[in-house]
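In what follows, residues are counted from 1 in the order of the sequence shown. Keep in mind that this is a model prediction, so the values were computed, not measured.
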Amino acid sequence: KFEKIPNLSVDCVVFGYDTKTKALNVLLMKRYLESETGSNILVDDYVLTGYHVCKNETLDNTATRVLKELTGLTNLYKKQFKAFGDPDRLTSEKDLIWIKKENFNSRTITIAYYFLLDTEDVDLKNNAYQEKWFPINDLPEIGFDHKKIVLEAYDDLKIKCLSEPVIFELLPDKFTINEVHEVYQSILGIHQMDCRQNCRQWIQ
């Protein structure tokens with residue numbers, strides 16, 4: 001039996017690139033709770049997928065486990081980019097309602113990771129978590145401090161893709177040069193000419 005560390009968790013930002021819409025997306029999970037009578041909706045928003053770290057796990061093990069539960073995938077590019085431990089990070093009214101339901105510590109510190117993949121690699125039709133892809137520039141209402149985590153992960157990704165060829169993790173096995181340019185454009189918000197200059201170093 002896994003024994004959880006009550007105030008230490010891992011949250012996973014899953015970035016996916018959609019070659020059809022040419023947009024960088026984030027995978028979010030539905031968070032929904034009705035009152036006991038069903039007459040009121042208490043919580044209705046989206047969150048990142050995360051889980052408490054177990055005592056026999058490394059942080060990387062937890063992140064890999066969460067990703068597999070979320071997407072069914074393993075061996076993806078992942079980066080641990082920041083710890084979030086603000087005392088007030090989980091104290092909004094909705095968050096406290098959810099914490100009471102799930103019975104976890106409101107003073108939880110989370111270690112955030114992000115993963116890169118092609119959106120088509122994830123089967124959302126047969127998933128129990130009510131997950132949905134959202135464009136990074138059109139996010140829904142997000143619970144906890146998870147919007148902050150998403151945006152900081154995005155900032156880190158923008159810096160990372162200028163120094164390493166990580167954008168290829170977002171593309172299918174076969175892709176065109178134009179698709180490489182389009183990924184850069186979607187992440188960095190730059191023009192085609194600037195994009196060609198940035199990605200030329202990775203394309204031989």
Side-chain angles (χ1 to χ4, degrees), residues 9-31 46-51 53 57-82 84 110-140 142 146-190 195 198-199 201-203:
S9 67
V10 162
D11 279 308
C12 296
V13 182
V14 180
F15 288 119
Y17 181 71
D18 188 328
T19 55
K20 297 183 180 67
T21 62
K22 298 179 176 55
L24 182 70
N25 292 266
V26 179
L27 190 61
L28 298 173
M29 181 176 69
K30 185 74 169 176
R31 188 175 71 156
Y46 285 86
V47 291
L48 295 170
T49 298
Y51 200 77
V53 179
E57 286 182 315
T58 66
L59 295 173
D60 277 4
N61 288 158
T62 305
T64 299
R65 172 168 58 85
V66 171
L67 179 78
K68 187 173 182 180
E69 290 179 6
L70 180 66
T71 67
L73 303 173
T74 56
N75 299 320
L76 295 179
Y77 174 91
K78 72 171 179 284
K79 181 184 176 185
Q80 179 192 125
F81 71 96
K82 191 172 179 180
F84 292 82
T110 196
I111 311 301
Y113 285 75
Y114 64 81
F115 295 82
L116 306 178
L117 51 79
D118 175 3
T119 56
E120 293 186 1
D121 290 340
V122 181
D123 181 8
L124 298 184
K125 294 180 181 178
N126 300 310
N127 198 289
Y129 293 95
Q130 296 186 64
E131 299 158 19
K132 187 176 178 181
W133 289 109
F134 290 93
I136 188 66
N137 296 318
D138 189 19
L139 296 173
I142 300 178
H146 289 184
K147 184 173 183 179
K148 175 181 174 66
I149 295 175
V150 168
L151 295 178
E152 291 203 25
Y154 182 38
D155 285 342
D156 192 279
L157 175 60
K158 285 188 280 190
I159 295 169
K160 193 75 171 174
C161 76
L162 290 173
S163 61
E164 296 181 22
V166 296
I167 62 159
F168 296 106
E169 305 291 342
L170 294 162
L171 288 164
D173 292 337
K174 294 183 179 180
F175 53 82
T176 66
I177 298 300
N178 280 341
E179 285 175 331
V180 175
H181 295 161
E182 288 163 356
V183 174
Y184 265 111
Q185 286 179 285
S186 71
I187 295 174
L188 299 173
I190 56 179
C195 170
N198 277 289
C199 67
Q201 61 180 316
W202 309 123
I203 304 170

Novice: Looking at L139 and F134, what are the two nearest heavy atoms and their distance?
Specialist: CD2-CB, 4.2 Å
Novice: Is atom OH of Y51 surrounded by more than 12 heavy atoms (other residues, nucleotides or ligands) closer than 6.0 Å?
Specialist: no
Novice: Can you name the side chain to side chain donor-acceptor pair (under 3.5 Å) partners of T110, sequence neighbours left out?
Specialist: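 By the side chain to side chain donor-acceptor pair (under 3.5 Å) rule, T110 matches S9, D11.
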Novice: Can you measure from CD (E182) to OG1 (T21) and round to the nearest 0.5 angstrom?
Specialist: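 Going from the CD atom of E182 to the OG1 atom of T21 covers 10.5 Å.
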Novice: Around atom NZ of K148, are there more than 12 heavy atoms from other residues, nucleotides or ligands closer than 6.0 Å?
Specialist: no
Novice: Taking everything shown except K68 itself, do over 12 heavy atoms lie less than 6.0 Å from its NZ?
Specialist: no
Novice: For K160 and F81, what are the C-alpha separation, side-chain angles and deciding distance, and is it a side chain to side chain contact (heavy atoms under 4.5 Å, CB included)?
Specialist: CA-CA 11 Å; K160 193 75 171 174; F81 71 96; over 6 Å; no
Novice: Below 4.5 Å, heavy atoms only, C-beta onward: do L28 and P140 meet side chain to side chain?
Specialist: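 The answer is yes, as the side chains (C-beta and beyond) meet within the 4.5 Å cut-off.
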Novice: Could you pull out the closest heavy-atom pair between I142 and V47, with the gap in Å?
Specialist: CG2-CA, 4.4 Å
Novice: Just do the side chain to side chain contact (heavy atoms under 4.5 Å, CB included) check on K79 and L157 with the steps written out, would you?
Specialist: CA-CA 9 Å; K79 181 184 176 185; L157 175 60; over 6 Å; no
Novice: For the atom pair OG1 (T119) and CG (L27), what is the distance rounded to the nearest 0.5 Å?
Specialist: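 It is 10.0 Å, given to the nearest 0.5 Å.
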Novice: Could you state the interatomic distance from CZ (R65) to SG (C12), rounded to the nearest 0.5 Å?
Specialist: 9.5 Å
Novice: Consider side-chain contact (heavy atoms from CB on, under 4.5 Å). Of L116, T64, L67, which one does L76 pass it with?
Specialist: L67
Novice: Which residues pass the side chain to side chain contact (heavy atoms under 4.5 Å, CB included) test with E120, sequence neighbours left out?
Specialist: T19, K20, D118
Novice: Check whether E169 reaches the backbone of V166 with its side chain - one donor and one acceptor, N or O, closer than 3.5 Å.
Specialist: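 Between the backbone of V166 and the side chain of E169 there is no qualifying donor-acceptor contact (under 3.5 Å).
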Novice: Are the side chain of Y154 and the backbone N or O of I187 linked by a donor-acceptor pair below 3.5 Å?
Specialist: yes
Novice: Could you tell me the separation between the CD atom of E179 and the CG atom of L170, rounded to the nearest 0.5 Å?
Specialist: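 E179 CD to L170 CG: 12.0 Å, rounded to 0.5 Å.
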Novice: Tell me whether the rings of Y114 and F15 are parallel (<30°), tilted (30 to 60°) or perpendicular (>60°).
Specialist: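 Y114 and F15: perpendicular rings.
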Novice: Dump the intermediate steps for side chain to side chain contact (heavy atoms under 4.5 Å, CB included) on F168 and V183, then the final yes or no.
Specialist: CA-CA 9 Å; F168 296 106; V183 174; over 6 Å; no
Novice: Would a 4.5 Å heavy-atom cut-off, applied to side chains only, mark W133 and D18 as touching?
Specialist: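 SC-SC contact between W133 and D18 ruled out.
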Novice: Per the side-chain contact (heavy atoms from CB on, under 4.5 Å) rule, which among L48, L117, V26, T49 passes with V14?
Specialist: L117
Novice: Do you know which two heavy atoms are closest between F115 and A63, and how far apart they sit?
Specialist: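 That closest heavy-atom pairing would be CZ-O, 3.7 Å.
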Novice: First locate atom NZ of K147, then atom OH of Y46, and finally report the distance between them rounded to the nearest 0.5 Å.
Specialist: 15.0 Å
Novice: What distance do E131 atom CD and T71 atom OG1 have between them, rounded to the nearest 0.5 Å?
Specialist: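 Reported to 0.5 Å precision, the distance equals 7.5 Å.
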Novice: What is the minimum heavy-atom distance between K22 and Y17, and which atoms define it?
Specialist: CA-OH, 3.3 Å
Novice: Side-chain contact test, heavy atoms from C-beta onward, threshold under 4.5 Å: evaluate it for K78 versus D60 and give yes or no.
Specialist: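 Result yes, sub-4.5 Å side-chain heavy-atom pair found.
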